[in-house]
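What follows is a set of notes on a single structure, which appears directly below.
A quick note: this is a predicted structure, and the numbers were derived from the prediction, not measured.
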Amino acid sequence: MDKAREAVQRPAESLLGVLQAAEVSWDDADALRDYLLLRGEISRHKQDPYGYTPPKGAIDRIDAEQATRKGASRWPLIDALRSGAHRVVDAAYDYGMGPEDLAKSNGHENGRQWFPALADRLHLAAVVAKCARFCAYAEAFICNLTIADRSKHYATDQMWPQNSSELVERYNRHLGLDLPQHVQPVHERKTAVVEETPKPVAEEKSRSRDHGDDWGH
């Protein structure tokens, strides 16, 4: 597995050749599948951190809403809507970078063995946070469609993974993404600035009761 891990960390032009020559077991291939998924999401986030969206699910928001209003069971719809984002979150757990891990002080350091560069770990943490928030949003969205009284609607941060919006804010801040784009020089836009000493998230925080949740970045 160590050889396989070294292979995927090599320059792209040599990656295929190394993997073709390596003996990779089924278990290793399964692990590499998730690793390559996370590597790909890191690259996507680096290319466009402001515009990053989680991988698409099996159905989109419009189809999920229509099916819900027609009386379809909500959990299959929730799982289908967030399936792309959930796959990323699920893979991150294997590297110690699940949402609960990232909520701890310097939780992103758990992934150092597989993601040696601090920038990669912070971008991955931002990806996981945004995918986690979409998972929570999807559940709140589907559940709220069946609740007529808006005062009883669920907020995104009430759903699993709870308080994911705080993680998004934290890692956006570490990457310098919390500044409005219009105040940044053009050449600095879409460029992440790594903060060397990230501050921990407060592990206890009152839940938001803002029922006007909408999906965003």
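- With side-chain heavy atoms closer than 4.5 Å counting as contact, directly or through intermediates, Ile62 stands alone and belongs to no larger hydrophobic cluster.
- Screening residues 113-126 for salt bridge (charged side-chain N to carboxylate O under 4.0 Å, His left out), with sequence neighbours left out, gives Arg39-Asp120, Lys46-Asp120, Glu109-Arg121.
- Residues Pro55 and Arg44 meet the side-chain proximity criterion, which asks for heavy atoms closer than 4.5 Å.
- Between the side chain of His174 and the backbone N or O of Leu122, no donor-acceptor pair lies under 3.5 Å.
- Take Ser25 and apply the side-chain hydrogen bond (donor to acceptor under 3.5 Å, both in side chains) test, not counting sequence neighbours, and it matches Asp28.
- A search for side-chain hydrogen bond (donor to acceptor under 3.5 Å, both in side chains) contacts involving Ser83 returns nothing, not counting sequence neighbours.
- Side-chain N or O atoms of Asp157 include one that pairs as donor or acceptor with a backbone N or O of Ser165 at under 3.5 Å.
- Legend: residues meeting side-chain hydrogen bond (donor to acceptor under 3.5 Å, both in side chains) with Gln66, ordered by chain and number and at least two apart, are absent.
- Salt bridge annotation for Arg69-Glu65: present, with a cationic side-chain nitrogen under 4.0 angstrom from a carboxylate oxygen.
- When all heavy atoms of Arg173 and Asp178 are compared, the pair lying nearest together is CG-OD2, 3.6 Å.
- With sequence neighbours excluded, the residues forming a side-chain contact (heavy atoms from CB on, under 4.5 Å) with Ala125 are Met97, Leu102, His108, Tyr171, listed by chain and number.
- Within the structure, salt bridge (charged side-chain N to carboxylate O under 4.0 Å, His left out) pairs that include any residue of residues 81-90 comprise Asp79-Arg82, Arg82-Glu139 (at least two apart or interchain).
- The one candidate from Lys130, Glu41, His45 that meets the side chain to side chain donor-acceptor pair (under 3.5 Å) condition with Tyr52 is Glu41.
- Note that CD1 of Ile78 is 4.5 Å distant from SG of Cys143, once rounded to the nearest 0.5 Å.
- Shown here for Pro161 and Cys135, the closest heavy-atom pair between the two residues is CD-CB, 4.1 Å.
- Here the side chains of Arg61 and Tyr137 are in contact, with some heavy-atom distance below 4.5 Å.
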For a side chain to side chain donor-acceptor pair (under 3.5 Å) check, start with the C-alpha distance between Tyr95 and Gln113, then their side-chain angles and the critical distance, and finish with the verdict. CA-CA 9 Å; Tyr95 301 94; Gln113 179 182 6; over 6 Å; no

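- Under a hydrophobic clustering in which Ile, Leu, Val, Met, Phe, Trp and Tyr are joined whenever their side-chain heavy atoms come within less than 4.5 Å, directly or via other members, Val88 and Leu175 fall into the same cluster.
- Cluster annotation: Val89 and Leu36 are assigned to distinct hydrophobic clusters (Ile/Leu/Val/Met/Phe/Trp/Tyr, side-chain heavy-atom contacts under 4.5 Å, transitive).
- Legend: residues meeting side-chain hydrogen bond (donor to acceptor under 3.5 Å, both in side chains) with Arg74, ordered by chain and number and at least two apart, are absent.
- Here the straight-line distance linking atom OG of Ser164 with atom CE of Met159 works out to 11.5 Å at 0.5 Å rounding.
- Judged by distance alone, the side chain of Gln158 and the main-chain N or O of Tyr154 form no donor-acceptor pair under 3.5 Å.
- The side-chain contact (heavy atoms from CB on, under 4.5 Å) check on Asn110 picks up Asp101, with sequence neighbours excluded.
- The backbone N or O of Glu166 lies less than 3.5 Å from no partner atom in the side chain of Asn163, so there is not a single donor-acceptor pair.
- Contacts of Ala64 classified as side-chain contact (heavy atoms from CB on, under 4.5 Å), with partners at least two apart in sequence or in another chain: Ile59, Leu81, Ile142.
- The side-chain contact (heavy atoms from CB on, under 4.5 Å) search around Ala129 returns Leu167, Val168, not counting sequence neighbours.
- Between Ile42 and Phe115, some side-chain heavy-atom pair lies under the 4.5 Å cut-off.
- Taking the ring centroids of Phe134 and Phe141, they lie at or beyond the 6.0 Å cut-off.
- Listed by chain and residue number, His86 satisfy the ring-ring contact (aromatic ring centres under 6.0 Å, His included) test with Trp160 (two or more places apart in sequence, or in another chain).
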